Amino acid sequence: MNLNDWLNNEVPSIASNLESIHSEHFQVENALGFTGAEKIYAILHDFRFALFPCVCESVSGDEVRLNVMIANKLRASALDLRDLIIKVYLSADKQLSAKDAEEKASAVVMALINKFPQIRATLQTDVQAAYNGDPATTSHEEILLSYPSIQAVLIHRIAHELYKEGVPVIPRIMSEYSHTLTGIDIHPGATIGDYFFIDHGTGVVIGETCTIGAHVKIYQGVTLGAKNFPLDEQGNPIKGIKRHPNIEDHVVIYAGATILGGNTTIGANSTIGGNVWLTHSVPAESRVYNAPPTPNIAK
Amino acid sequence: MNLNDWLNNEVPSIASNLESIHSEHFQVENALGFTGAEKIYAILHDFRFALFPCVCESVSGDEVRLNVMIANKLRASALDLRDLIIKVYLSADKQLSAKDAEEKASAVVMALINKFPQIRATLQTDVQAAYNGDPATTSHEEILLSYPSIQAVLIHRIAHELYKEGVPVIPRIMSEYSHTLTGIDIHPGATIGDYFFIDHGTGVVIGETCTIGAHVKIYQGVTLGAKNFPLDEQGNPIKGIKRHPNIEDHVVIYAGATILGGNTTIGANSTIGGNVWLTHSVPAESRVYNAPPTPNIAK
Amino acid sequence: MNLNDWLNNEVPSIASNLESIHSEHFQVENALGFTGAEKIYAILHDFRFALFPCVCESVSGDEVRLNVMIANKLRASALDLRDLIIKVYLSADKQLSAKDAEEKASAVVMALINKFPQIRATLQTDVQAAYNGDPATTSHEEILLSYPSIQAVLIHRIAHELYKEGVPVIPRIMSEYSHTLTGIDIHPGATIGDYFFIDHGTGVVIGETCTIGAHVKIYQGVTLGAKNFPLDEQGNPIKGIKRHPNIEDHVVIYAGATILGGNTTIGANSTIGGNVWLTHSVPAESRVYNAPPTPNIAK
């Protein structure tokens with residue numbers, strides 16, 4: 001068959017077939033409705049503009065009343081986010097009435113945006129931590145304009161608020177967008193204190209039930225993960241258990257270190273060296289380093 | 001010289017110079033013609049919509065007849081892909097006639113899209129594997145909307161079909177686009193079974209001649225790579241040799257493990273621990289762990 | 001309060017609050033002015049087109065006079081870049097007059113674009129290095145169309161020219177854009193010779209004061225970083241010290257190796273094995289490998 005005939009005669013049934021396979025597993029009219037994850041990315045762009053105006057997107061010359069632009073973006077994205085939260089609520093809870101979903105969703109959106117000034121202030125502590133922690137930078141402006149850590153914590157501090165409110169799915173879409181942009185994978189469930197800085201960042205993984213104190217610095221390739229996880233009677237992992245470590249204040253964790261387990265606590269003011277593999281707690285003020293491997297040097 | 005004079009007087013000759021250097025090495029009228037890699041990304045977006053409608057892109061309110069939208073996107077992208085495949089065929093084989101290139105390219109495109117329902121069914125096994133393998137997720141919808149593993153295998157399973165048909169260049173453009181989105185680098189030549197899941201994923205490298213069985217789970221930073229490669233008489237690497245490992249069914253490989261070599265086989269039901277470095281085969285049911293390093297803990 | 005009332009009554013003051021917190025720390029009218037980092041990305045896209053026409057972006061059918069298109073893109077982006085450099089100069093040096101800033105910025109832009117033919121020639125050596133170094137590729141076209149290493153060095157070689165001229169902030173925005181696209185984090189200060197190739201690349205970090213010779217090959221996850229850094233009397237890191245290693249000609253560094261320190265030099269023709277951790281110099285012709293760990297294999 002030639003291509004044009006095939007396009008006309010066969011593709012429609014392939015398309016119907018694809019739709020029906022997909023809809024068996026993914027209720028398009030539930031989840032986000034006919035809205036893809038990219039809509040969440042657009043909302044994040046508006047929120048980012050509200051928190052960091054003119055850092056990523058440009059403003060055209062005649063729109064320099066920043067507070068008006070910020071308000072407009074907040075209004076539009078608040079309504080969009082409200083609509084999506086309604087959909088995920090109704091999808092997750094078939095008992096919920098449309099009216100109750102709308103009220104809950106509105107309350108969540110208002111609570112989130114009411115916190116934006118506080119989130120912005122916290123992000124400024126993260127900028128300060130980057131400035132203090134990296135000799136390669138020379139200004140706060142440079143950090144805002146170019147550091148992936150700031151993009152990642154910006155999105156995390158928003159997603160975490162929605163996670164705490166129990167909003168399904170949307171916080172994970174946000175965190176995965178951050179992962180795509182930065183190579184830093186922070187589950188929205190993780191609790192992270194002020195003055196947080198991740199240098200370079202690619203390959204960092206921070207698990208759902210982590211708690212991280214204030215003034216913590218992490219380098220590229222660090223995993224704060226799960227040791228293993230118990231299975232239920234059907235052999236499926238049991239959801240919702242504390243699986244990831246606790247990092248206390250003023251800890252530094254160098255590149256490639258792996259710290260695992262829900263009962264593992266790194267005491268305050270500790271330093272964890274590069275590539276260390278740690279599955280148990282260490283007390284405050286610890287210095288944990290691998291015995292330096294002695295590479296074979298042949299000439 | 002001031003900038004405006006220089007722009008008018010000097011830039012044209014710089015531009016001509018750049019064009020001629022470039023065209024010495026890159027035959028623009030061959031390769032993809034006057035079409036850049038971004039056209040391939042657009043085709044992948046349409047294919048992704050066909051396989052996962054409304055997961056990434058949104059649908060506007062009055063276009064909710066999904067099967068019609070899927071068919072339209074498939075038709076447009078099929079023709080675009082056909083045209084690009086013709087170009088890479090003609091560029092790679094100067095003996096090929098335009099008519100033969102068109103017939104071959106049309107056949108490849110029809111074969112690919114005819115397989116889409118089967119590819120979609122396989123991807124559903126990958127979604128199931130993610131659900132079974134990650135205690136942090138609570139729904140299939142969340143996996144589709146937010147897991148990089150699904151984006152990476154979606155693109156891989158398409159690119160691999162084109163690779164098997166011997167289409168030059170285009171499969172690698174597809175896999176590299178996936179790498180950009182997810183941090184997961186899977187060569188389109190790799191053969192990967194059902195129920196495949198990569199958790200987190202950043203830094204994963206899966207080489208061209210890998211074979212991976214069913215029900216395999218891999219974590220971030222895993223390399224399935226080449227040990228070394230023989231050079232020909234001119235000192236260039238010899239192309240087309242089996243260089244990458246075989247992973248049998250039901251194997252789990254934890255973060256940062258490195259498995260190298262074309263003769264290396266990881267037997268079924270084995271577990272490879274984090275950061276293990278392995279350049280030889282292990283039998284089925286193996287448990288391979290590094291002796292736990294004893295970090296120095298100073299207080 | 002219902003959402004609509006809140007949007008009308010409360011959001012304006014939140015927006016004003018956000019603007020004032022932000023403007024305490026980030027002088028919008030300084031830095032890039034009302035221009036976000038995305039404008040720099042757009043300039044890089046134009047520069048990329050000038051160096052590699054039709055590799056990323058497509059050209060529409062009636063615009064096939066490439067040299068004209070290249071010249072037009074160079075002219076537009078030169079003016080945009082000039083304007084942004086003026087802003088960062090004036091922001092960094094309050095003594096500088098607008099006229100001097102404009103003259104300095106124009107000179108920098110002309111010097112940069114005058115070097116483009118030479119940069120393109122150097123990039124061709126990088127393409128050749130990728131071809132020689134990777135048995136998985138079969139053509140130069142494939143490398144240009146799909147290798148992240150080429151994208152990363154393209155941006156680096158532009159950003160490094162601006163860094164050498166002392167342009168603030170903009171080079172780091174460029175390098176971070178490359179990091180987002182490729183997972184490869186090269187500080188614009190690093191000096192890198194011809195025939196440079198990074199295979200796979202995710203997680204590579206190359207620090208500000210690195211010097212890298214010619215014919216160097218690096219694999220994914222390699223860090224060329226700082227050992228530690230001295231603090232000043234206020235406990236802040238001292239800026240501007242040589243902190244990162246020197247890699248001489250014809251060195252190969254395998255995946256996950258970490259080489260640290262400003263006094264660390266890897267002599268010519270050396271090979272550094274996977275996961276090696278090295279904080280001191282090694283002479284030319286060295287072969288440095290970890291003693292192979294003996295994983296426990298239990299059956």
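Only this structure's heavy atoms are used, side chains among them; waters, hydrogens and symmetry mates stay out. Because the structure is predicted, anything quoted here is derived from the model rather than measured. In what follows, chains are A, B, ... by sequence order, proteins preceding strands, each numbered from 1.
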* Run the side-chain contact (heavy atoms from CB on, under 4.5 Å) check on A/Asn290 and C/Trp277 step by step: do they pass? -> CA-CA 10 Å; A/Asn290 284 335; C/Trp277 181 275; over 6 Å; no
* Asked: Are any of the side-chain heavy atoms of C/His22 and A/Leu144 separated by less than 4.5 Å?
  -> yes
* Starting at CD of C/Glu208, measure out to OG1 of A/Thr137 and round the result to the nearest 0.5 Å. => 9.5 Å
* To do: Report, as yes or no, whether the 6.0 Å neighbourhood of atom CG on C/Asn263 holds more than 12 heavy atoms from other residues, nucleotides or ligands.
  => no
* Structure fact -> Interface check, chain C: of A/Ile113, A/Val109, A/Thr182, most non-hydrogen pairs under 4.5 Å belong to A/Ile113
* To do: Could you check which of A/His140, A/Gln151, A/Met110 has the highest count of heavy-atom pairs closer than 4.5 Å to chain C?
  => A/Met110
* Please name the pair of heavy atoms, one in C/Val11 and one in A/Arg75, separated by the smallest distance, quoted to 0.1 Å. => CG1-CG, 4.3 Å
* Do you know which of A/Pro53, A/Ala105, A/Ala136, A/Ala107 has the most heavy-atom pairs with chain C at a distance under 4.5 angstrom? -> A/Pro53
* Asked: After noting the C-alpha distance and the side-chain angles of A/Phe116 and C/Asn17, does the key distance pass the side-chain contact (heavy atoms from CB on, under 4.5 Å) rule?
  -> CA-CA 9 Å; A/Phe116 270 23; C/Asn17 197 349; over 6 Å; no
* Quick one: list whatever passes side chain to side chain contact (heavy atoms under 4.5 Å, CB included) with C/Asp199, sequence neighbours left out. => C/Asp134, C/Phe197, C/Tyr219
* **Inter-chain contacts: residues 168-180 of chain C against chain A, heavy atoms under 4.5 Å** => C/Val169, C/Arg172, C/Ile173, C/Glu176, C/His179, C/Thr180
* Euclidean distance, A/Gln118 CD relative to C/Ile21 CD1, rounded to 0.5 Å -> 10.0 Å
* Among A/Leu145, A/Leu181, A/Val127, A/Thr202, residue most engaged with chain C (heavy-atom pairs, under 4.5 Å) -> A/Leu145
* Quick one: what part of A/Tyr131 sits under 4.5 Å from any heavy atom of chain C, side chain, backbone, both or neither? -> both
* Asked: Do C/Thr223 and A/Gln220 have side-chain N/O donor and acceptor atoms under 3.5 Å apart?
  -> yes
* Check each atom of A/Phe52 against the heavy atoms of chain C and say whether the ones under 4.5 Å are side chain, backbone, both or neither. => both
* Structure fact -> Interatomic distance, OG@C/Ser13 vs CG@A/Asn67, rounded to 0.5 Å, equals 10.5 Å
* In terms of side-chain geometry, is the basic nitrogen of A/Glu141 or C/Lys87 positioned less than 4.0 Å from the acidic oxygen of its partner? -> no
* Asked: Non-hydrogen atoms of chain A under 4.5 Å away: do they reach the side chain of C/Val288, the backbone, both or neither?
  -> both
* **Contacting moiety of C/Asn4, where chain A heavy atoms sit under 4.5 Å** => side chain
* **A/Ser58 versus C/Gly36, closest heavy-atom pair with distance** => OG-N, 3.1 Å
* **Side chains of C/Leu18 and A/Leu74 in contact at under 4.5 Å (non-hydrogen atoms)** => yes
* To do: Give, for atom NE2 of C/His25 and atom CZ of A/Arg120, the distance between the pair rounded to the nearest 0.5 Å.
  => 6.0 Å
* Who wins among C/Thr271, C/Ile14, C/Ile272 for the most heavy-atom pairs under 4.5 Å with chain A? -> C/Ile14
* Does NZ in A/Lys99 sit with more than 12 non-hydrogen atoms of other residues, nucleotides or ligands closer than 6.0 Å? -> no
* Asked: Nearest 0.5 Å, what's the CG-CG distance between C/Leu7 and A/Asn72?
  -> 11.0 Å
* Non-hydrogen atoms of chain A under 4.5 Å away: do they reach the side chain of C/His244, the backbone, both or neither? -> neither
* When heavy-atom pairs shorter than 4.5 Å are enumerated against chain C, which of A/Ser106, A/Cys56, A/Ser139 gives the highest number? -> A/Cys56
* **C/Lys39 NZ to A/Cys54 SG distance, which is reported to the nearest 0.5 Å** => 14.0 Å
* Contact origin within A/Asn114 toward chain C - heavy atom pairs under 4.5 Å -> both
* Structure fact -> Residue from A/Gly201, A/Ala50, A/Pro148 scoring the most non-hydrogen pairs under 4.5 Å with chain C is A/Pro148
